[in-house]
Amino acid sequence: MNEMDFRVWLSHQGINKKVSSDLVSRLKRIEREINHCDIDKEYRSDQCNTLLSLFQSKGINAQMGAFETSLPIGKYQLSTYKYAIQKYITFL
């Protein structure tokens with residue numbers, strides 16, 4: 001993940017530092033929890049479509065089930081992780 005440029009971009013979008021920090025933290029956690037994936041590589045591969053598919057139905061799906069993760073599967077909070085990915089895709 002291109003953290004520094006993403007933070008600068010978020011700042012230029014009017015996103016405050018707390019929200020920026022939360023978004024970056026969520027992206028880092030996704031990279032750790034999902035087989036140490038690289039979001040930039042995922043974007044180059046298929047514009048993160050495979051990664052985003054893991055978050056369908058609040059993560060209650062066969063694809064997400066393949067991973068042992070501490071992400072909040074089945075809870076509303078999981079949508080904040082999907083939102084972070086979508087923001088990063090917009091940045092890219």
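Nearest heavy-atom pair across M64 and I73 is CG-CD1, 3.5 Å. Contact detail for P72 and L78: the closest heavy-atom pair is O-CB, 3.6 Å. Listed here is the closest heavy atom pair of I60 and G74: CD1-CA, 3.6 Å. When every heavy atom of I39 is checked against every heavy atom of L51, the shortest pair comes out as CG1-CD2, 4.1 Å.
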S21 vs V24, test: side-chain contact (heavy atoms from CB on, under 4.5 Å). Steps then yes/no.
CA-CA 5 Å; S21 182; V24 169; 5.9 Å; no

side-chain contact (heavy atoms from CB on, under 4.5 Å) for S45 and T50? Distances and angles first, verdict last.
CA-CA 9 Å; S45 170; T50 301; 6.0 Å; no

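Residue pairs satisfying the salt bridge (charged side-chain N to carboxylate O under 4.0 Å, His left out) criterion with at least one member in residues 42-67, sequence neighbours excluded, are absent. Contacts classified as side-chain hydrogen bond (donor to acceptor under 3.5 Å, both in side chains) and involving residues 62-71 (residues at least two apart or in different chains) are given here: R29-S70, E33-T69, E33-S70.
Residue Y83 places its OH atom among 12 or fewer non-hydrogen atoms of other residues, nucleotides or ligands, all under 6.0 Å distant.
Considering only heavy atoms from C-beta on, M1 comes within 4.5 Å of E31 through its side chain. Looking only at side-chain heavy atoms (C-beta outward), I30 and L54 stay at 4.5 Å or farther from each other. L52 places a side-chain heavy atom less than 4.5 Å from the side chain of K82. Contact check for Y88 versus L23: no side-chain heavy atoms found under the 4.5 Å cut-off.
Applying the salt bridge (Lys or Arg N to Asp or Glu O under 4.0 Å) test to D22 and every residue at least two apart in sequence or in another chain returns K18. S20 is linked by a side chain to side chain donor-acceptor pair (under 3.5 Å) to nothing, counting only residues two or more places apart in sequence or in another chain. Residues passing the side chain to side chain donor-acceptor pair (under 3.5 Å) test with T80, sequence neighbours excluded: R26. Every residue two or more places apart in sequence or in another chain was checked for a side chain to side chain donor-acceptor pair (under 3.5 Å) with Y43, and none qualifies. With sequence neighbours left out, T90 forms a side chain to side chain donor-acceptor pair (under 3.5 Å) with no residue at all.
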Return all side-chain donor-acceptor pairs below 3.5 angstrom for residues 5-13, not counting sequence neighbours, or 'none' if the list is empty.
unit_1: D5; atom_1: OD2; unit_2: N2; atom_2: ND2; d: 2.9
unit_1: R7; atom_1: NE; unit_2: E3; atom_2: OE2; d: 3.0
unit_1: R7; atom_1: NH2; unit_2: E3; atom_2: OE2; d: 3.1
unit_1: H12; atom_1: ND1; unit_2: V8; atom_2: O; d: 3.1

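Separation of atoms CG (L71) and OH (Y81) is listed at 6.0 Å; rounding is to 0.5 Å. In this structure, CZ on F55 lies 9.5 Å from CG on N61, to the nearest 0.5 angstrom. Rounding to the nearest 0.5 Å places CD1 of I85 at 6.5 Å from SG of C48.
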